[in-house]
Amino acid sequence: MATQTEFVLPERYTFSKYGQPMSKTALDMIENLMKEANNCDPDAHDMYICNDYLGYAVFNIVNRVIDSIYRKAAKKQWIESWDTLTALAIFIDTFPDFMNIDDGELVIAADKVFGALVVKVLKALAPEFAEKGESEFPDLESCLRQMANVGENSSGFDGGQYTQIIKNYARHLFGRRTEEEREARAERIKRAYQKFYKALPKDEKKEFADPSAPKGKEDEDKGDEDEEDGWEDEEDEEDEKDAGPWFGKPKAQDVNYKIQSFPLDRAWKTYRELRAGGGYSPPVWSRGEPVWDLTKWSAADKKRYLFENMHDI
């Protein structure tokens with residue numbers, strides 16, 4: 001039987017490859033979205049197509065996932081919506097290329113819809129989060145932080161509104177937690193991950209961070225991948241301690257905080273109207289629906305854009 005000092009993964013959760021508890025559904029989505037984006041990256045295929053190719057390809061993926069979340073939310077599939085929002089937030093953090101494409105007005109509209117969907121789903125799940133907390137949603141704070149990061153990174157696109165709502169709600173939930181309590185919880189999760197890693201088949205262990213490896217060695221091995229999984233190095237953690245919690249200093253009124261409304265219908269209408277105006281297609285794609293996945297291009301389609309043939313462009 002688990003004691004109060006043990007961390008236990010809920011049934012629908014697992015550990016990411018760097019030892020963080022994550023929804024299995026969200027983790028699968030993230031892996032699929034990353035693979036899809038990498039398939040669209042000209043550099044990975046020794047090609048140059050145009051400056052914004054990857055940005056537009058990623059934006060195509062973002063738009064599709066936003067549509068999916070909107071449909072799930074309309075059906076009140078709140079947990080599914082939350083998992084998909086989590087996956088999309090991490091994906092956007094890893095592939096922010098689309099924020100610099102020429103269709104800036106549409107990027108702004110997409111960001112507002114993302115924020116409105118976050119707030120809508122958050123309001124719907126707030127009673128369940130309050131009742132079950134981190135025992136059933138162990139990644140709740142990290143999910144909120146990832147979603148707030150999207151708004152902060154697009155603050156030039158008026159993303160600040162929904163970011164502040166997320167931070168206010170996070171303070172309501174976690175603002176009274178002391179640094180000692182945070183560290184104790186992190187240690188419990190670390191011990192649980194060690195047991196998880198130990199139980200993995202030998203051939204699967206290579207896909208996960210070894211919790212017994214020296215910290216410096218793990219950092220060297222994982223390289224820049226830490227940001228993709230929401231990991232921070234020790235220097236980042238020390239800076240955060242000095243600056244205080246990511247959601248700001250606690251306030252007396254946090255305990256009574258109620259999530260504000262955010263105008264989804266208006267944001268969705270503007271977003272759909274802008275998308276209906278058409279969009280950018282790959283240069284060679286004048287036939288049917290655009291195909292962004294370069295693994296699906298024929299050798300003839302690729303030929304002109306290969307690095308080795310750049311003198312022909």
Side-chain angles (χ1 to χ4, degrees), residues 16-18 25-71 84 86-111 113-114 146 150 153-154 157 203-204 206-207 221-230 271-272 274-313:
S16 74
K17 60 184 177 181
Y18 293 127
T25 302
L27 191 57
D28 285 345
M29 286 183 189
I30 293 163
E31 290 174 352
N32 289 332
L33 291 174
M34 300 290 189
K35 180 179 179 181
E36 187 175 354
N38 285 324
N39 284 348
C40 300
D41 185 355
D43 284 346
H45 296 266
D46 296 324
M47 297 169 66
Y48 173 80
I49 300 171
C50 64
N51 289 340
D52 282 345
Y53 185 88
L54 181 59
Y56 276 102
V58 168
F59 194 38
N60 180 64
I61 297 170
V62 169
N63 287 330
R64 192 187 70 237
V65 179
I66 286 176
D67 287 347
S68 170
I69 298 167
Y70 184 85
R71 289 193 299 270
T84 311
T86 298
L88 181 58
I90 294 173
F91 176 71
I92 289 173
D93 191 45
T94 310
F95 286 94
D97 309 73
F98 72 93
M99 291 185 181
N100 297 315
I101 63 174
D102 289 338
D103 290 317
E105 192 175 3
L106 183 53
V107 174
I108 293 170
D111 178 66
V113 170
F114 173 83
Q146 288 286 355
V150 175
N153 292 335
S154 62
F157 306 141
D203 61 332
E204 291 184 27
K206 61 184 179 182
E207 301 296 328
D221 289 344
K222 71 184 181 180
D224 292 332
E225 291 180 305
D226 56 347
E227 293 183 5
E228 297 181 10
D229 290 84
Y271 172 66
R272 294 297 295 176
L274 288 170
R275 283 178 62 185
Y280 175 90
S281 293
V284 300
W285 226 262
S286 59
R287 52 192 186 278
E289 288 293 315
V291 176
W292 298 98
D293 186 338
L294 296 173
T295 66
K296 296 178 181 178
W297 283 32
S298 69
D301 286 332
K302 288 182 178 180
K303 184 177 179 181
R304 183 185 174 204
Y305 301 97
L306 293 171
F307 289 154
E308 63 191 52
N309 298 328
M310 285 184 69
H311 61 277
D312 295 332
I313 296 178

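None of these values were measured; they are calculated from a predicted model.
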Visitor: The test is side-chain contact (heavy atoms from CB on, under 4.5 Å); show your working for Glu308 and Asp46 and say whether it passes.
Guide: CA-CA 8 Å; Glu308 63 191 52; Asp46 296 324; over 6 Å; no
Visitor: Suppose we screen for side-chain contact (heavy atoms from CB on, under 4.5 Å). Which residues come up paired with Phe98, at least two apart in sequence or across chains?
Guide: Val58, Phe59, Val62, Ile92, Val107
Visitor: Applying side-chain hydrogen bond (donor to acceptor under 3.5 Å, both in side chains), can you list everything that pairs with Asn63, at least two apart in sequence or on another chain?
Guide: Tyr271
Visitor: When rounded to the nearest 0.5 angstrom, what is the spacing between CG in Asp293 and CG in Asn60?
Guide: 11.0 Å
Visitor: Report the distance from atom CG of Leu54 to atom CG of Asp43, rounding to the nearest 0.5 Å.
Guide: 8.0 Å
Visitor: Kindly indicate, with the supporting measurements, whether the criterion side-chain contact (heavy atoms from CB on, under 4.5 Å) is fulfilled by Ile49 and Lys302.
Guide: CA-CA 9 Å; Ile49 300 171; Lys302 288 182 178 180; over 6 Å; no
Visitor: Would you please name every residue forming a side-chain hydrogen bond (donor to acceptor under 3.5 Å, both in side chains) with Asp203, sequence neighbours left out?
Guide: none
Visitor: Angle between ring planes, Trp297 versus Tyr305, binned at 30° and 60°: parallel, tilted or perpendicular?
Guide: perpendicular
Visitor: For residues Tyr48 and Pro42, determine if any side-chain heavy atom of one lies less than 4.5 Å from a side-chain heavy atom of the other.
Guide: no
Visitor: Which residues pass the side-chain hydrogen bond (donor to acceptor under 3.5 Å, both in side chains) test with Asp41, not counting sequence neighbours?
Guide: none
Visitor: Quick one: closest heavy-atom pair of Ala110 and Ile66, and the distance?
Guide: O-CD1, 3.8 Å
Visitor: Do you know the tightest heavy-atom contact between Asn39 and His45?
Guide: O-NE2, 3.2 Å
Visitor: Rounded to the nearest 0.5 Å, what's the gap from OG1 on Thr94 to CD on Gln146? Could you check?
Guide: 7.5 Å
Visitor: Side chains of Asp97 and Tyr56: donor-acceptor distance under 3.5 Å anywhere?
Guide: no
Visitor: Of all residues at least two apart in sequence or in a different chain, which pass the side-chain hydrogen bond (donor to acceptor under 3.5 Å, both in side chains) check with Thr86?
Guide: none
Visitor: Report the distance from atom CG of Leu274 to atom CD1 of Ile108, rounding to the nearest 0.5 Å.
Guide: 9.5 Å
Visitor: For the residue pair Ser154 and Met99, what are the closest heavy atoms and their distance?
Guide: CB-CE, 4.2 Å
Visitor: Under 3.5 Å, side chain of Asn309 to main-chain N/O of Lys303, donor-acceptor pair present?
Guide: yes
Visitor: Kindly indicate whether the side chain of Val150, heavy atoms from C-beta on, has any atom under 4.5 Å from the side chain of Phe91.
Guide: no
Visitor: Assess the residue pair Arg275 and Asp67 against the criterion (salt bridge (Lys or Arg N to Asp or Glu O under 4.0 Å)); give the C-alpha distance rounded to whole Å, side-chain angles, the decisive distance to 0.1 Å, and a yes or no.
Guide: CA-CA 12 Å; Arg275 283 178 62 185; Asp67 287 347; 2.8 Å; yes
Visitor: For residues 26-37, which side-chain donor-acceptor pairs fall under 3.5 Å, sequence neighbours excluded?
Guide:
residue, atom, partner, partner atom, Å
Asn32, ND2, Asp28, O, 3.2
Glu36, OE1, Arg64, NH2, 2.8
Glu36, OE2, Arg64, NH1, 2.8

Visitor: Whether the side chain of Tyr53 engages the backbone of Trp292 through a donor-acceptor N/O pair (distance < 3.5 Å, no angle test) should be reported.
Guide: yes
